[in-house]
Structure formats: structure tokens, C-alpha cells
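First comes the structure, then the notes that go with it.
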Amino acid sequence: VDEVVARLGRIDVLINNAGVGQRSRVTATIEGVERRIMEVDYFGTILLTRAVLPRMAEQGGGRIVVISSVMGYVGTPGRAAYAAAKHALHGWFDSLREEVRGDGISVLLVCPGYVRTNISVNALLGDGKPTGTMEPVIDRGTSPERCARAVLRAIDRGREEILIGGIEIWAARAKRWFPRTFSHFMRRF
């Protein structure tokens with residue numbers, strides 16, 4: 001943070017975009033894997049945000065962007081720790097948004113579905129090793145460029161939360177408005 005301020009004079013936008021995926025059932029996942037996912041996906045994000053907050057408050061404002069996931073709304077088999085980290089981000093940043101609103105700082109929560117990145121290749125198995133496999137659904141997902149354009153548009157428009165993706169973003173809406181139907185669908189899926 002000090003280096004950025006020394007070079008640029010201020011920090012107007014922080015985009016928190018780091019994460020480790022998961023591809024293992026709860027009973028097949030060792031505790032250290034869950035802790036690692038929480039350290040990167042949750043604690044890493046809030047620690048960087050905490051480091052930037054005083055600077056943004058001093059300069060009279062700024063924009064904090066958090067790249068979360070549709071998994072921040074729903075949990076699916078094999079993704080318990082990942083979903084937990086994303087759910088935690090939603091709670092923490094929803095609270096922070098209200099705490100810093102008077103300081104001119106705004107918070108944007110970005111919830112993408114499948115984005116064509118290496119998230120599945122680097123996702124951790126129950127023993128902590130990466131899968132090394134690109135999942136077809138990820139490979140067919142939204143392009144990183146399209147996702148980035150949507151984030152920039154949301155920043156420009158002062159949005160507080162957005163969903164990005166294809167049909168998978170409907171999971172978040174279905175879970176909220178039709179929880180029983182969503183649960184039934186997940187059992188069949």
C-alpha cells in the first residue's frame with residue numbers, strides 16, 4: 001500500500017481478485033486444505049482491504065471491489081470451503097459497505113459464475129494438491145475480458161453488487177426465491 005501511494009499519490013480503486021478453488025467432498029478434505037482456502041480467499045482479501053481503508057478515508061473516498069462468486073450465494077458438492085469463504089466475504093463486505101459509506105468509500109461485490117480462468121486447474125483436492133484439470137464448464141465460461149468489462153461498468157455506475165455469467169447466475173436467484181426447488185434441483189444435479 002505504501003509503495004503504491006508513493007508511486008501514484010493515492011489509491012482510488014482496490015480490486016480484490018485472488019482465490020483458490022476446491023474440488024473435494026467435506027469428508028475427503030483434510031483440515032489444512034480448508035484453512036488454506038480461507039486464508040487466501042477470505043483473510044487475504046480482508047487484510048488487504050484493511051491496509052487500504054485508512055488511505056481511502058484520509059483522501060476522502062475510494063472504491064473497493066471484491067471478486068467473490070456465485071458460490072457466495074449457494075453451496076454445491078465438492079466446494080464447501082470455497083463456498084464458506086465466499087459466503088464470509090459477502091457478510092464482511094456488506095457490513096463494511098455500511099460502515100464506510102460516510103467516508104466516501106463504496107464497496108462493489110462481484111459475483112461471477114463460470115469464467116474462463118485456471119480456477120479449476122489450480123483448485124485443491126482433499127489432500128491439498130491441485131487438480132491439474134480444466135473443467136469443460138469453466139473452459140466454456142465467460143471470457144475474462146467480458147468479466148472485466150462488466151466490473152468496470154459496475155464501478156462507473158456505482159453499483160453495490162453484480163452477478164456475471166450465463167445460466168449459472170440464476171442459481172443465486174433461484175436459491176433466494178425458491179429454496180426448496182433449488183435444493184431439489186441440486187439433489188438431481
Side-chain angles (χ1 to χ4, degrees), residues 1 4-5 7-21 40-42 44-53 55-76 79 82-83 85-123 134-177 182:
V1 171
V4 170
V5 171
R7 290 180 82 196
L8 302 175
R10 58 186 290 129
I11 297 176
D12 293 306
V13 179
L14 167 64
I15 299 178
N16 286 296
N17 183 30
V20 174
V40 173
D41 294 13
Y42 176 69
T45 301
I46 66 168
L47 290 173
L48 181 56
T49 300
R50 282 177 169 279
V52 168
L53 279 173
R55 300 289 184 158
M56 286 185 172
E58 286 171 14
Q59 67 192 28
R63 189 89 167 129
I64 297 170
V65 180
V66 184
I67 308 299
S68 178
S69 171
V70 168
M71 296 295 291
Y73 298 106
V74 300
T76 61
R79 314 285 198 283
Y82 182 76
K86 298 305 181 174
H87 276 74
L89 287 176
H90 285 226
W92 199 87
F93 281 97
D94 282 346
S95 296
L96 178 68
R97 180 185 298 118
E98 300 312 316
E99 290 180 15
V100 298
R101 190 179 302 276
D103 297 325
I105 301 170
S106 59
V107 175
L108 167 63
L109 197 57
V110 178
C111 304
Y114 303 122
V115 179
R116 204 172 327 136
T117 67
N118 283 332
I119 188 84
S120 66
V121 174
N122 297 314
M134 174 61 79
E135 293 174 348
V137 71
I138 301 290
D139 200 33
R140 292 187 307 268
T142 302
S143 74
E145 295 81 9
R146 179 175 173 252
C147 187
R149 283 192 301 272
V151 171
L152 292 174
R153 207 170 28 253
I155 292 169
D156 285 344
R157 293 178 179 167
R159 300 279 307 271
E160 292 185 352
E161 193 166 321
I162 62 168
L163 288 157
I164 302 170
I167 195 160
E168 72 277 10
I169 67 172
W170 287 97
R173 293 180 176 118
K175 171 90 162 84
R176 180 175 182 185
W177 297 108
F182 177 79

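Residues Thr142 and Tyr114 have side chains not in contact (no heavy-atom distance under 4.5 Å, counting atoms from C-beta outward). Side-chain atoms of Gln59 and Asp12, non-hydrogen and from C-beta on, do get closer than 4.5 Å to each other. With contacts defined as side-chain heavy-atom distances shorter than 4.5 Å, the pair Leu96/Ile46 does not qualify. Counting heavy atoms from C-beta outward, Thr49 and Asn16 have side chains that approach closer than 4.5 Å. At least one side-chain heavy atom of Leu109 sits under 4.5 Å from a side-chain heavy atom of His90. Side-chain contact check for Phe93 versus Thr45: some heavy-atom pair is nearer than 4.5 Å. In this structure, Ile164 and Ile162 have side chains that are in contact, with non-hydrogen atoms separated by less than 4.5 Å.
Nearest heavy-atom pair across Met71 and Thr76 is CE-OG1, 3.4 Å. The shortest heavy-atom contact between Val115 and Cys147 is CG2-SG, 4.2 Å. Nearest approach of Ser69 to Lys86, heavy atoms of both residues: CB-CG, 4.0 Å. Residues Val74 and Ala83 come closest through the heavy atom pair O-CB, 3.9 Å. Shown here for Val151 and Leu108, the closest heavy-atom pair between the two residues is O-CD2, 4.1 Å. Taking each heavy atom of Thr117 and Ile138 in turn, the nearest pair found is O-CG2, 3.6 Å.
With hydrogens and angles disregarded, a donor-acceptor distance shorter than 3.5 Å links the side chain of Ser120 to the backbone of Glu135. Remark: the backbone N or O of Gly166 is paired with a side-chain donor or acceptor of Glu168 at under 3.5 angstrom. Under a 3.5 Å cut-off, the side chain of Asn17 and the backbone N or O of Ile67 do not form any donor-acceptor pair.
Note on Arg97 versus Asp94: salt bridge recorded, some NZ/NE/NH1/NH2 to OD/OE distance being below 4.0 Å.
Residue pairs meeting the salt bridge (charged side-chain N to carboxylate O under 4.0 Å, His left out) criterion with at least one partner in residues 99-116, sequence neighbours excluded, are Glu98-Arg101, Arg101-Glu160.
With rounding to the nearest 0.5 Å, the separation of CE in Met56 from CG in Leu14 is 5.5 Å. Atom CD1 of Ile64 is separated from atom CD1 of Ile11 by 10.0 Å, given to the nearest 0.5 angstrom. Residue Leu8 holds its CG atom at 11.0 Å from CZ of Arg10, rounded to the nearest 0.5 Å.
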- Give the C-alpha distance, both sets of side-chain angles, the deciding distance and a yes or no for side-chain contact (heavy atoms from CB on, under 4.5 Å) between Val65 and Val110. CA-CA 7 Å; Val65 180; Val110 178; 3.8 Å; yes
- Assess whether side-chain contact (heavy atoms from CB on, under 4.5 Å) is satisfied between Arg153 and Ile155, documenting all intermediate values. CA-CA 5 Å; Arg153 207 170 28 253; Ile155 292 169; over 6 Å; no
